[in-house]
Amino acid sequence: MALRVYNTLSGEKEVFIPLIPGRAGMYVCGVTVYDYCHIGHARANVVFDVIYRYLGYAGYDVTYVRNYTDIDDKIINRANREGVDYRTISDRYIRAFDEDMERLGLAKPTVEPKATDHIGGIIAIIEALIAKGHAYESEGDVYYAVETFPDYLKLSKRNLDEMKAGARVEVGDKKRHPMDFALWKDSKPGEPWWQSPWGKGRPGWHIECSAMSMEFLGMTFDFHGGGKDLIFPHHENEIAQSEAANGCQFVRYWLHNGFVNINSEKMSKSLGNFFTIRQVLEKFDPETLRFFILSAHYRSPIDFSDQNLDEAQAGLERIYSFLAALDEILLENPAPPELPAGESPTGAGQELQDKLENLIPRFCEAMDDDFNTAQALGVLFDVVRAGNRFLAETGAPAPAGLSLIARTRDRFAEVGQVLGLFGSRPAAWLEGIKSSKADQINISPAEIEGLIVERAEARKAKNFKRSDEIRDLLLEKGVQLLDSAQGTTWKIR
RNA sequence: GGCGACGUAGCCAAGUGGUAAGGCAGAGGUCUGCAAAACCUUUAUUCGGCGGUUCAAAUCCGCCCGUCGCCUCCA
């Protein structure tokens with residue numbers, strides 16, 4: 001089945017046909033590096049990371065460009081406030097961004113260009129726009145004349161006259177039309193500047209993306225992504241700049257992710273209701289956050305709350321517990337790589353085998369439908385259930401069963417690669433969750449272990465009163481005991 | 001005011017014409033000394049409401065109600 005993606009430009013799902021067969025070019029607007037990233041950034045970057053990975057998995061040779069906007073009013077303001085050079089600010093937050101993304105398990109894009117390394121390209125585009133009559137200089141600034149571009153607002157599907165009427169933009173004397181936007185800004189004293197045909201100045205906000213995407217992906221490329229809030233004005237302006245300068249289509253498929261909400265309201269800096277990635281990761285495991293993000297379709301809003309994160313963690317624990325059980329069996333019983341001839345599984349084994357055969361096709365079907373990770377995760381849970389049933393029904397695994405278990409484990413690794421999940425050793429991951437939860441409980445692991453030993457002795461002596469006492473005591477403190485043939489383990493409720 | 005999105009079980013969430021995935025939580029059962037975990041069964045005759053199109057609608061159309069977003073920097 002063919003990959004279908006929702007294209008903001010057409011407002012419909014379309015079959016993806018690459019510009020160059022077998023290849024895919026993708027540009028995603030990165031961050032303006034003036035502060036720590038919040039979980040809205042986490043969502044956008046995780047979503048496009050999975051899209052990047054899936055395109056690669058589907059066989060495309062992907063060029064993924066994700067920029068840093070490292071020159072901007074907000075960076076300059078912050079630098080002035082701290083009394084440092086703007087590069088001190090941008091370097092600091094580029095590093096912070098890289099750390100955050102690494103913790104969230106993001107794959108490195110093909111290129112991560114910085115706006116300030118592309119001033120030459122920016123100036124070249126502005127010159128072309130002036131030459132073609134789409135831009136004009138005004139007292140050291142250069143503006144894009146939106147009225148010269150008939151397709152303006154085709155992405156956000158707005159109307160220029162209505163925008164103009166309701167515009168809260170200052171109608172500066174420098175602009176011919178209130179909706180015109182700056183391509184180049186005259187630099188004020190003390191601000192960073194670059195030499196240009198219009199004097200010392202710096203680029204406007206939107207032009208850097210046109211320059212960097214053209215540099216690495218060409219004048220026309222396949223995918224351009226970002227948060228929904230970038231549709232207007234950022235992406236609209238990119239289209240205007242690039243298409244007017246190059247005289248050809250800019251982007252073939254526009255992808256936009258939905259917001260992260262807090263109590264059903266958009267999380268944003270201006271509302272002050274935001275959490276940084278760092279804050280969240282103090283409390284939650286990074287993979288849990290990633291799992292939470294992928295549990296909804298990328299275009300839907302998701303509501304961030306402790307309860308929703310806890311539920312996501314419970315779901316991820318279910319999968320990791322299953323994988324840990326598989327690993328334990330495989331560690332003790334080397335599995336034959338192929339199903340032994342003449343041995344076909346029955347009962348739960350047959351069911352697991354069927355689910356397993358359908359796993360990749362169903363996974364791809366979900367992902368081919370506009371990267372439906374929520375549905376894809378549902379497919380995985382289906383296999384987990386069949387696998388658990390198989391494990392419950394099978395005592396000592398026979399070769400056929402071991403082969404099945406080994407293949408199940410392989411498939412989860414394969415799919416996990418695409419989603420950026422399940423990369424940890426399951427036992428270690430579960431242990432990590434346990435110990436982080438244990439920090440929130442007023443009993444030490446050593447004490448717990450001691451009580452477990454005492455309880456085991458009581459049980460051996462059939463002193464169930466005492467053993468239950470211990471169990472209830474621990475439960476009261478939030479520690480749940482798990483008895484098995486191999487002994488007793490525990491987890492935090 | 002203009003434009004747009006969404007409303008599916010207690011909660012989260014898939015599902016864009018063919019008779020409601022999955023997860024969390026809950027209930028009953030198997031297992032267990034008793035529990036927990038795991039497994040089994042179960043929890044929406046129904047998809048905000050009202051009409052319409054169709055053999056057939058959560059899915060298409062219209063209206064209404066509700067929630068949210070964009071129109072200013074924002075992932």
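Numbers restart at 1 for each chain; the letters A, B, ... are given by sequence-line order, proteins then strands.
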inquiry  = Show every side-chain hydrogen bond (donor to acceptor under 3.5 Å, both in side chains) that has at least one partner inside residues 101-111 of chain A, sequence neighbours left out.
reply    = A:K108-A:E112

message = Return the pairing partner of B:C6 with a 3.5 Å limit on both distances, Watson-Crick or G-U wobble; otherwise return none.
response = B:G66

task = Side chain of A:N372 only, please: which of B:A14, B:C39, B:G33 is the nearest?
result = B:A14

request  = Please answer whether the main-chain N or O of A:L106 pairs with a side-chain N or O of A:D49 as donor and acceptor at a distance below 3.5 Å.
outcome  = no

inquiry  = Rounded to whole Å, how long is the line connecting atom CG of A:D72 with atom P of B:C73?
reply    = 11 Å

task = Quick one: which residue pairs count as a ring pair (Phe, Tyr, Trp, His ring centres under 6.0 Å) with a foot in residues 287-316 of chain A, not counting sequence neighbours?
result = A:F275-A:F304

key: Nearest to side-chain heavy atoms of A:M267, which nucleotide of B:G23, B:A75, B:C73   = B:A75

request  = Determine the interatomic distance between C1' on B:A9 and the same-named atom on B:A5; round to the nearest Å.
outcome  = 23 Å

ask   = What parts of residues 283-291 of chain A reach RNA chain B, counting only heavy atoms under 4.0 Å away?
value = none

Nearest-neighbour nucleotide for the A:F232 side chain, B:A14, B:C71, B:A21 considered = B:C71

query = Rounded to the nearest 0.5 Å, how far does CG of A:L230 lie from CH2 of A:W254?
reply = 9.5 Å

inquiry  = Please report whether the ring centroid of A:Y143 lies less than 6.0 Å from that of A:F181.
reply    = no

query = By side chain to side chain contact (heavy atoms under 4.5 Å, CB included), which residues pair with A:N261, not counting sequence neighbours?
reply = A:F259, A:K266, A:P301, A:D303

request  = Considering only atom P, compute the distance from B:G49 to B:A58 and round it to an integer number of Å.
outcome  = 11 Å

inquiry  = Centroid separation under 6.0 Å, is that true for the rings of A:F223 and A:F16?
reply    = yes

ask   = So what's B:C39 paired with, Watson-Crick or G-U wobble, going by both distances under 3.5 Å?
value = B:G29

task = Go through the structure and list residues passing side chain to side chain contact (heavy atoms under 4.5 Å, CB included) with A:K154, not counting sequence neighbours.
result = A:L9, A:D151, A:E236, A:I239, A:E243

key: Those residues that, when tested against A:S10, pass side chain to side chain contact (heavy atoms under 4.5 Å, CB included) (two or more places apart)   = A:N7, A:E12, A:E14

task = Could you measure between the two P atoms, the one in B:A20 and the one in B:A27, and give it in whole Å?
result = 27 Å

Just the atom pairs and distances: protein N or O near nucleotides 34-37 of chain B's N or O, under 3.5 Å.
| residue | atom | partner | partner atom | Å |
| --- | --- | --- | --- | --- |
| B:C34 | O2 | A:R471 | NH1 | 2.8 |
| B:C34 | O2 | A:R471 | NH2 | 2.5 |
| B:C34 | N3 | A:R471 | NH1 | 2.4 |
| B:A35 | N6 | A:D483 | OD2 | 3.4 |
| B:A35 | N1 | A:D483 | OD2 | 2.9 |
| B:A35 | N3 | A:R471 | NH1 | 3.4 |
| B:A36 | O4' | A:Q480 | NE2 | 3.2 |
| B:A36 | O2' | A:Q480 | NE2 | 3.1 |
| B:A36 | N1 | A:D483 | O | 3.1 |

ask   = Under the salt bridge (Lys or Arg N to Asp or Glu O under 4.0 Å) rule, what pairs show up with a residue in residues 483-492 of chain A, not counting sequence neighbours?
value = A:R455-A:D483, A:R459-A:D483

query = Considering only B:U16, B:C70, B:A21, which nucleotide approaches the side chain of A:R362 most closely?
reply = B:A21

request  = Rounded off to whole Å, could you give me the CD1-to-P distance for the A:I75 and B:C73 pair?
outcome  = 16 Å

ask   = Of the candidate nucleotides B:G69, B:A38, B:G33, which contains the atom at the shortest distance from the side chain of A:E265?
value = B:G69

message = Closest-nucleotide mapping onto RNA chain B: is A:I39 or A:D382 further toward the 5' terminus? I mean the 5' end.
response = A:D382

request  = Looking only at side-chain atoms of A:R158, point me to the closest of B:A38, B:G22, B:C70.
outcome  = B:C70

task = Check whether any side-chain nitrogen or oxygen of A:N45 sits under 4.0 Å from OP1 or OP2 of B:A75, and answer yes or no.
result = no

Between A:R66 and A:Y52, a side-chain donor and acceptor under 3.5 Å = no

Nucleotides 42-44 of chain B: which of its N/O atoms have a protein N/O under 3.5 Å away?
none

task = Starting at atom CZ of A:F259, determine the distance to atom C1' of B:C73, rounded to an integer number of angstrom.
result = 12 Å

inquiry  = When you compare the side chains of A:N237 and A:Y152, does any donor N or O come within less than 3.5 Å of an acceptor on the partner?
reply    = yes

query = In whole Å, what separates the C1' atom of B:U16 from that of B:C73?
reply = 36 Å

query = Can you tell me how far P in B:G2 sits from the matching atom in B:C55, rounded to whole Å?
reply = 38 Å

task = Searching all strands shown, indicate the nucleotide that pairs with B:A13 (Watson-Crick or G-U wobble; both distances under 3.5 Å).
result = none

ask   = Does the ring of A:F381 lie flat against the base of B:G22, closer than 5.5 Å centre to centre with planes under 30°?
value = no

key: Which residues share a side chain to side chain contact (heavy atoms under 4.5 Å, CB included) with A:D100, sequence neighbours left out   = A:C37, A:I277, A:R278

ask   = Any donor-acceptor pair under 3.5 Å linking the side chain of A:N67 with the backbone of A:G30?
value = yes

ask   = Rounding to the closest angstrom, what is the interatomic distance between B:A44 and B:A75 at atom C1'?
value = 35 Å

note = Sequence neighbours excluded, the answer for salt bridge (charged side-chain N to carboxylate O under 4.0 Å, His left out) partners of A:D382 is A:K355, A:R362, A:R385

task = Report yes if at least one side-chain N or O of A:R318 is closer than 4.0 Å to OP1 or OP2 of B:G23; otherwise report no.
result = yes

Rounded interatomic separation in angstrom, taking CE from A:M101 and P from B:A75 = 11 Å

remark   = Given protein heavy atoms under 4.0 Å, the one-letter contact record of nucleotides 5-13 of chain B, with B base, S sugar-phosphate only and - none, is simply ------BSS

